[in-house]
Number of protein chains: 2
Amino acid sequence: MRQRINQIKKELHAQGYKLTPQREATLTVLLEREEDHLSAEEVFLLVKEKAPEIGLATVYRTLDLLTELGIVDKINFGDGVARYDLRKEGIDHFHHHLVCMECGSVEEIIEDLLVDVEKIVEEKWQFRVKDHRLTFHGVCKNCQEAALKSRKKVKID
Amino acid sequence: MRQRINQIKKELHAQGYKLTPQREATLTVLLEREEDHLSAEEVFLLVKEKAPEIGLATVYRTLDLLTELGIVDKINFGDGVARYDLRKEGIDHFHHHLVCMECGSVEEIIEDLLVDVEKIVEEKWQFRVKDHRLTFHGVCKNCQEAALKSRKKVKID
DNA sequence: TTTTAATTTGATAAAAATTCGCAAAAAAAT
DNA sequence: ATTTTTTTGCGAATTTTTATCAAATTAAAA
């Protein structure tokens, strides 16, 4: 993790920005909760535990900055809040989400499923693809099983 | 267009809702600007031209209702506003977007590019896919050409 | 056709998320 | 040590969306 932060520190410096304590605290939170998809507010609350003096605006500014540098992805699942997602090391842009319509859970897929599709888009629409967002909405494994169980229960009753 | 509205009227009635003049005006706007991706505010202004007495809240309510019934898709390109997009007739969910990072234009693709990908997701992650959102970010044809031209110009200067 | 009940609406207030303005603090450059 | 630049924290302001509620509209019942 230290190493990862150092890497990002370099990227910041390369663009003329500094790794301030506030920015480091924010990054630490993002790293610690890499699996999650935190909103700015959520990041703020978590950072506050480490550095109580930090302001919400600073968190927003930091997240903006990291987004601009391509260190995090700003995503939106349609619930009215922006969420921030640390990019995996070495991976350009390929990472997708499975959003469960029942329980709201968000699972991540780190596999590139779109190589062929991108090729089609580039050729057929003459569109130079730089990045993409792919989200599937549906029912996760858990909820499928839960639904099955509760249906069985109803039958018994 | 009349026909399309009538079809939707039936869908509304089937769910116990009425096609009020306000709702019809909203639908008309959505139909007239099918190519665009209007925000609630934009829809509101356009509807106001036809029916000046309409309130913003009603437009929001109507768009919500239409979203719930699956007549429109609520999408979010990350610019902080929800946009609403009439679904094509007969087409379930397959429609994607090309968002240009230079000029902000949004092009629509009405082709299903994800049949294979969905199959993989269903199998590998045991996730029952109901819908998806796929957006490509990149540079549109126009901007590519413009960039080419301006580069040539610089060379001449 | 009048009465009654249920839906829908418009206006405005309220809420939620994000950005702005600006003086103070911190860091870097001179 | 001073000056300049960046960054921060705070609160106010903005923006987008939702909630409230009485009035208007529509459908149903009598």
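Proteins come first, then strands; the chains are lettered A, B, ... in the order of their sequence lines, and each starts at number 1.
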Smallest separation among heavy atoms of A:Leu86 and A:Ile71, with atom names: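 That closest heavy-atom pairing would be CD1-O, 3.7 Å.
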
Heavy atoms only, 4.0 Å cut-off, all strands: where does A:Arg23 land among base, sugar-phosphate and nothing?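 A:Arg23: backbone/sugar contact only, no base atoms under 4.0 Å.
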
Check against ring pair (Phe, Tyr, Trp, His ring centres under 6.0 Å), B:Phe77 and B:His37: CA-CA 10 Å; B:Phe77 293 127; B:His37 304 83; 5.8 Å; yes

Which whole-number value in Å describes the distance from [X] [atom1] to [N] [atom2]?
X       : N      : atom1 : atom2 : result
B:Glu24 : D:dT25 : CD    : P     : 17 Å
B:Arg61 : D:dC21 : CZ    : C1'   : 11 Å
A:Leu19 : D:dT8  : CG    : C1'   : 15 Å
B:Arg83 : D:dT15 : CZ    : C1'   : 14 Å
B:Asn76 : D:dT15 : CG    : P     : 18 Å
A:Tyr60 : C:dA17 : OH    : P     : 7 Å
B:Asp79 : C:dT19 : CG    : C1'   : 15 Å
A:Lys9  : D:dT7  : NZ    : P     : 14 Å

Taking 4.0 angstrom as the limit, do B:Glu24 and B:Lys9 come out as a salt bridge?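 Salt bridge absent between B:Glu24 and B:Lys9.
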
Could you give me the CA-CA distance, side-chain angles and deciding distance for B:Gln7 and B:Glu11, then say whether side-chain hydrogen bond (donor to acceptor under 3.5 Å, both in side chains) is met? CA-CA 7 Å; B:Gln7 165 63 26; B:Glu11 291 177 44; 3.0 Å; yes

Residues B:His96 and B:Glu111: side-chain donor-acceptor under 3.5 angstrom: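 No - no donor-acceptor pair under 3.5 Å links their side chains.
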
Determine whether the side chains of A:Arg23 and A:Thr26 contain a donor N or O and an acceptor N or O closer than 3.5 Å.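 No, no side-chain donor-acceptor pair sits under 3.5 Å.
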
Within a radius of less than 6.0 Å around OH of B:Tyr17, do more than 12 heavy atoms belonging to other residues, nucleotides or ligands occur?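 Incorrect, the count does not exceed 12.
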
Taking the minimum atom-to-atom distance to the side chain of A:Ala82, which one of D:dT8, C:dT8, C:dT18 wins?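 Closest nucleotide to the A:Ala82 side chain: C:dT18.
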
Taking only N and O in the side chain of A:Gln22, is any of them less than 4.0 Å away from OP1 or OP2 of D:dG9?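 Yes, such a contact exists.
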
Could you check B:His13 against B:Gly80 and say which one's nearest nucleotide on DNA chain D is further toward the 5' end?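 Upstream on the strand: B:Gly80.
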
Residue whose nearest DNA chain D nucleotide is more 5′ - A:Lys18 or B:Lys18: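 So the residue in question is A:Lys18.
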
Hey, can you pull the residues of residues 33-58 of chain B with a non-hydrogen atom under 4.0 angstrom from DNA chain D?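 Per residue number, the list reads B:Leu56, B:Ala57.
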
Between A:Pro21 and B:Gly16, which residue's closest nucleotide on DNA chain C lies nearer the 5′ terminus?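 Per heavy-atom nearest nucleotide, the more 5' residue is B:Gly16.
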
